[in-house]
Amino acid sequence: MLKELRCRRIAILAADGVERAELEQPRAAVEEAGGCVEVLSVTAGEIQARNHDLEPAGNIAVDRTVSEVRVDAFDALILPGGTVNPDKLRLDGTAVAFVGDFVRSGKPVAAICHGPWTLVEADVVRGRRLTSYPSIRTDLRNAGATVVDQTVCIDGNLITSRSPADLPAFCEAITEALASTPAQT
């Protein structure tokens, strides 16, 4: 069943090094269901995408910088992975504050692969149940999260997945969460 996301505004926060599929597939799923997506970053212009962390995969246009927006302008936040992308985001105080405020707002926040690194930096994983790419699971545990190894993990407003292989289930979980959440007014 197609989820109806008309009038839903979704932010995707990414930086150079983003795993292209982890940005594009959730964006396409949300747009196909009628939602509106904005790509946010720490810099204006374009961000460099990657395939499998190592292969250049072109550029992705940035709609606005994270410093130009407020949490209340969006219904949900998506944090794609790639190793470099979340590492750059967690070094930017404005991006980290935006992510922390978004999680605390109670609105859906979805992170895949290495994306939860930014959640760790925002100090919002303590006492929460998450999944991620295997190499960052120790970081999640050290930050106080309970880590599980499953395709999609939903804990309250947090939706997490392990890797690009999980993208179909991740995209479905995002659209399900948005379809069951009232739109911003």
Side-chain angles (χ1 to χ4, degrees), residues 10-30 37-63 65-67 76-100 102-103 108-126 128-153 155 158-171 173-174:
I10 292 78
I12 297 179
L13 180 57
D16 286 335
V18 65
E19 186 71 23
R20 186 172 202 97
E22 293 175 9
L23 187 149
E24 287 189 341
Q25 287 185 35
R27 174 170 56 185
V30 167
V37 177
E38 282 192 51
V39 175
L40 309 178
S41 191
V42 296
T43 57
E46 296 181 328
I47 53 176
Q48 299 170 355
R50 294 282 191 214
N51 288 331
H52 314 290
D53 264 339
L54 302 174
E55 304 162 15
N59 294 329
I60 297 170
V62 171
D63 296 304
T65 64
V66 69
S67 63
L77 173 63
I78 299 171
L79 299 169
T83 306
V84 174
N85 164 50
D87 198 47
K88 287 185 179 287
L89 291 176
R90 66 187 183 157
L91 292 174
D92 184 276
T94 303
V96 171
F98 182 77
V99 170
F102 221 106
V103 172
V109 176
I112 189 167
C113 201
H114 289 76
W117 255 346
T118 313
L119 298 172
V120 168
E121 195 65 32
D123 194 25
V124 293
V125 301
R126 189 172 321 285
R128 304 297 293 267
R129 193 170 164 258
L130 295 96
T131 194
S132 69
Y133 195 76
S135 66
I136 70 164
R137 290 180 184 164
T138 298
D139 296 335
L140 291 171
R141 282 186 202 97
N142 288 342
T146 299
V147 179
V148 297
D149 182 14
Q150 57 192 59
T151 306
V152 174
C153 179
D155 181 344
L158 290 181
I159 302 165
T160 53
S161 280
R162 301 171 298 192
S163 72
D166 298 333
L167 277 164
F170 182 66
C171 292
I174 292 167

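Just the heavy atoms: all of them, side chains too, but no hydrogens, waters or symmetry mates, feed the values below.
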Do F102 and L13 pass the side-chain contact (heavy atoms from CB on, under 4.5 Å) test, and can you show the C-alpha distance, the side-chain angles, and the key distance before you say yes or no? CA-CA 11 Å; F102 221 106; L13 180 57; over 6 Å; no
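- Counting only heavy atoms from C-beta outward, the side chains of V42 and T94 never approach each other to under 4.5 Å.
- Screening residues 131-145 for salt bridge (Lys or Arg N to Asp or Glu O under 4.0 Å) gives R137-D149 as the qualifying pairs, with residues at least two apart or on separate chains.
- Within the 3.5 Å criterion, the main-chain N or O of A49 finds no donor-acceptor partner in the side chain of E19.
- Residues in residues 77-97 take part in these salt bridge (Lys or Arg N to Asp or Glu O under 4.0 Å) pairs, two or more places apart or across chains: D87-R90.
- For residues 38-54, every residue pair satisfying the salt bridge (Lys or Arg N to Asp or Glu O under 4.0 Å) rule, not counting sequence neighbours, is listed here: R9-E38, E38-R64.
- Between the side chain of D63 and the backbone N or O of V39, at least one donor-acceptor pair lies under 3.5 Å.
- Considering only residues two or more places apart in sequence or on other chains, P80 meets the side chain to side chain contact (heavy atoms under 4.5 Å, CB included) condition with I12, A14, V18, E22, L23, I78, N85.
- For E24, the side chain to side chain donor-acceptor pair (under 3.5 Å) partners two or more places apart in sequence, or in a different chain, are R20.
- Distance check: L77 CG to L40 CG gives 8.0 Å after rounding to the nearest 0.5 Å.
- For T151, the side chain to side chain contact (heavy atoms under 4.5 Å, CB included) partners at least two apart in sequence or on another chain are R162, D166, A169.
- Counting only heavy atoms from C-beta outward, the side chains of V30 and I174 approach each other to under 4.5 Å.
- Under the side chain to side chain donor-acceptor pair (under 3.5 Å) criterion, D16 pairs with no residue, sequence neighbours left out.
- Between T65 and A44, the closest heavy-atom pair is CG2-N, 3.5 Å.
- Every residue was checked against the side chain to side chain donor-acceptor pair (under 3.5 Å) condition with R27, not counting sequence neighbours, and none meets it.
- Between the side chain of T131 and the backbone N or O of S161, no donor-acceptor pair lies under 3.5 Å.
- Listed by chain and residue number, nothing satisfies the side chain to side chain donor-acceptor pair (under 3.5 Å) test with T146 (two or more places apart in sequence, or in another chain).
- Here the straight-line distance linking atom CG of L79 with atom SG of C113 works out to 12.5 Å at 0.5 Å rounding.
- Atom CD in Q25 sits 6.0 Å away from atom SG in C171 (nearest 0.5 Å).
- Residues satisfying the salt bridge (charged side-chain N to carboxylate O under 4.0 Å, His left out) test with D123, not counting sequence neighbours, are R126.
- Side-chain contact between H114 and S135: present, with at least one pair of heavy atoms (C-beta onward) separated by less than 4.5 Å.
- Under the ring-ring contact (aromatic ring centres under 6.0 Å, His included) criterion, F170 pairs with no residue at all, not counting sequence neighbours.
- Take V120 and apply the side chain to side chain contact (heavy atoms under 4.5 Å, CB included) test, not counting sequence neighbours, and it matches V125, L140, A143.
- Here the straight-line distance linking atom CG of L130 with atom CG of L119 works out to 6.5 Å at 0.5 Å rounding.
- Distance check: Y133 OH to T83 OG1 gives 7.5 Å after rounding to the nearest 0.5 Å.
- Closest approach of I47 to S41, counting heavy atoms only: CG2-OG, 3.4 Å.
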